[in-house]
Participant: 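Dumping the structure here so I can ask a few things about it.
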There are 2 protein chains.
Amino acid sequence: MTNPASKPASKPAVPAPAPRSRSKRSGSQLTPEAIVQASLRIAARGSSDAFTVRRLGEELGADPTAVYRHFRDKDELLLEVADRTLGEVLDSIRPGLGWQDRIRALADGSLAVALKYPAVASAMASRTTRRANEFRVVELILGAVTEAGLRGAEAAVHYRMVGDSLLALVGQRAAYLLFSAEARAADESAWSREYRLVDPQAFPQITAVAEELAGVTQDAVYQARVEALITAIETSVAQHR
Amino acid sequence: MTNPASKPASKPAVPAPAPRSRSKRSGSQLTPEAIVQASLRIAARGSSDAFTVRRLGEELGADPTAVYRHFRDKDELLLEVADRTLGEVLDSIRPGLGWQDRIRALADGSLAVALKYPAVASAMASRTTRRANEFRVVELILGAVTEAGLRGAEAAVHYRMVGDSLLALVGQRAAYLLFSAEARAADESAWSREYRLVDPQAFPQITAVAEELAGVTQDAVYQARVEALITAIETSVAQHR
DNA sequence: CACTGTTGTCAACACTGTTGCGCTCGACGG
DNA sequence: CCGTCGAGCGCAACAGTGTTGACAACAGTG
């Protein structure tokens, strides 16, 4: 079952409270924590090395299938890793910010981890973990839109708008990073080239701003998308009064 | 060929003007068109049947590897299929609409094909085809933001904002559809259940709107996200004057 | 007729995630 | 101290995936 439905008891894993030192087979013992760390290390390698179970075993110096003693499947591991990084993002958000800056901080933090661990962010782009830290995100965004002035159903739908949009934004950017560096470079240069070679008759608008199109940076687009979310909230607040 | 993207001779395919009737091996001959159509048929089956090359061969009544005589790899086939459906979306947009309605029409049409062919839309969520119809989309969005009142770099970055956001939105929704129906149902009911079971002390905002959160529909979120794009453009226009 | 190039078939390769079987070793009861 | 037990790991294997190269059958051309 690789679906997003996992009600049954999730983690016996390490039942004993005692850390029980190092022991077992040869030197280093395999813990969920170690597996998560190794996963992050692999995910950080980005496009140069895909995130696969076998690669994970290699990184751990253990047999790949040993991972399945600690996680039901790869999906559950990804969920755990994603929730972990999400927790770090949340912890890094300073309290006391205005609601706009809290959303910006959430976006910036999420983007940062997405750029650092593209494989993880990409895999989570269209799902939810339903784990502890995700509820913290819900709480954070809901707090922001409430502080902005939205209530009830209006607040709920705007939370979803912001949450889904951020997830999509970050996932999209991460997935793009999973292409090889050469492929990305080729893609970008191809775009700016073809903008200029377009038939002016058929595509007058493109021709008019071909230079500017070639000069648009990913960061500028990111900024615009985040600000669009904030603007949408502000506009909705202004309308409902 | 008024399209901008075809430098390396891409498709000899059917060089002869004569349709050369039916011939070849046993009865039906395999054409790129037939392959695209079969792909669409499979993609329309959604989560019940993954879009794989072997399944495609089955659908065609031919060996799976025969596809590689007409497309370099699966990716190129997906690009072609995606561009095809995108063309239909564009053709369905009535001219003469205001710029806002043109963006809404593009979004609605894209969502419609994404819901119909989730596998295709999902695969295209974080890439671009750089094919003919994609340039038509660029032209359409650029025309809209220009009509709204944006120029130069401002128009360019807003085009990217709208384009990337729509792609992400549609891809996200499609990817969600690729989960099995049961998994999706379980996921949704789990969310609405857990919203209500959350600790009121730790998550006051969630508790306050738990009911409303459970009642938010995908369509409402979609609407909000599209309107957010339009609002962002309008706001930017108002600011730059 | 022979020749050539196109196109479908078949077997195979290099991967992927995942499972069942056995072995080893640490921990625990007596 | 010793025997038993069970958790944790390695190994081999399975069912999938996309893709390639060799082979064969046919169309059109000289």
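Keep in mind the model is a prediction, meaning the values are calculated, not measured. Naming convention: chains lettered A, B, ... in sequence-line order (proteins, then strands); numbering from 1 in each chain.
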Participant: Quickly work out the A:L78 CG to C:dG17 P distance and round it to whole Å.
Facilitator: 10 Å

Participant: Considering only NZ, NE, NH1 and NH2 on the basic side and carboxylate oxygens on the acidic side, decide whether B:R45 and B:E59 come within less than 4.0 Å.
Facilitator: yes

Participant: If the cut-off is 4.0 Å, is B:T52 near the phosphate of D:dG18, judged by side-chain N/O to OP1 or OP2?
Facilitator: yes

Participant: I want to confirm an ordering. Mapping B:A62 and A:Y68 to their closest nucleotides on DNA chain C, which one lands closer to the 5' end?
Facilitator: B:A62

Participant: Please determine whether a side-chain nitrogen or oxygen atom of A:H70 lies at a distance below 4.0 Å from atom OP1 or OP2 of D:dC9.
Facilitator: yes

Participant: Are any of the side-chain nitrogens in B:R136 or B:D83 under 4.0 Å away from the carboxylate oxygens of its partner?
Facilitator: no

Participant: Check every atom of C:dT18, D:dT19, D:dC9 against the side chain of B:T65 and return the nucleotide holding the closest atom.
Facilitator: D:dT19

Participant: When you measure from the side chain of B:D63, which nucleotide among D:dT20, D:dG10, C:dT9 comes out closest?
Facilitator: C:dT9

Participant: Provide, to the nearest angstrom, the distance between the CD atom belonging to B:E76 and the C1' atom belonging to D:dG18.
Facilitator: 15 Å

Participant: A:D75 has an atom CG; how far is it from atom C1' of C:dT18, in whole Å?
Facilitator: 13 Å

Participant: From the options D:dG10, D:dT17, C:dT9, select the nucleotide whose nearest atom is closest to the side chain of B:R55.
Facilitator: D:dT17

Participant: Send over the distance from A:D73 CG to C:dG17 P, rounded to a whole Å.
Facilitator: 11 Å

Participant: Between A:R127 and B:D187, does at least one N-O distance fall below 4.0 Å, as a salt bridge requires?
Facilitator: no

Participant: Please report, rounded to the nearest Å, how far the P atom of D:dG8 is from the CD1 atom of A:I35.
Facilitator: 11 Å

Participant: Mapping B:K74 and B:R69 to their closest nucleotides on DNA chain D, which lands nearer the 5' end?
Facilitator: B:K74

Participant: Taking atom P of D:dC9 as reference, at what distance in whole Å does atom CG of A:L56 sit?
Facilitator: 12 Å

Participant: Within this structure, what is the CG-to-P distance between A:D49 and C:dC15, rounded to whole angstrom?
Facilitator: 12 Å

Participant: Without decimals, in angstroms, what is the distance between B:I42 CD1 and D:dG18 P?
Facilitator: 10 Å

Participant: Would you mind pulling out the nucleotide paired to D:dG30, Watson-Crick or G-U wobble, both distances under 3.5 Å?
Facilitator: C:dC1

Participant: NA contact type, B:A66, heavy-atom cut-off 4.0 Å: base, sugar-phosphate, or nothing?
Facilitator: base

Participant: Could you please name the option among C:dT18, D:dT19, C:dT7 that lies closest to any side-chain atom of A:R54?
Facilitator: C:dT18

Participant: Considering only NZ, NE, NH1 and NH2 on the basic side and carboxylate oxygens on the acidic side, decide whether B:R84 and B:E80 come within less than 4.0 Å.
Facilitator: yes

Participant: Return yes if a side-chain donor-acceptor contact under 3.5 Å exists between B:Y222 and B:D108, otherwise no.
Facilitator: yes

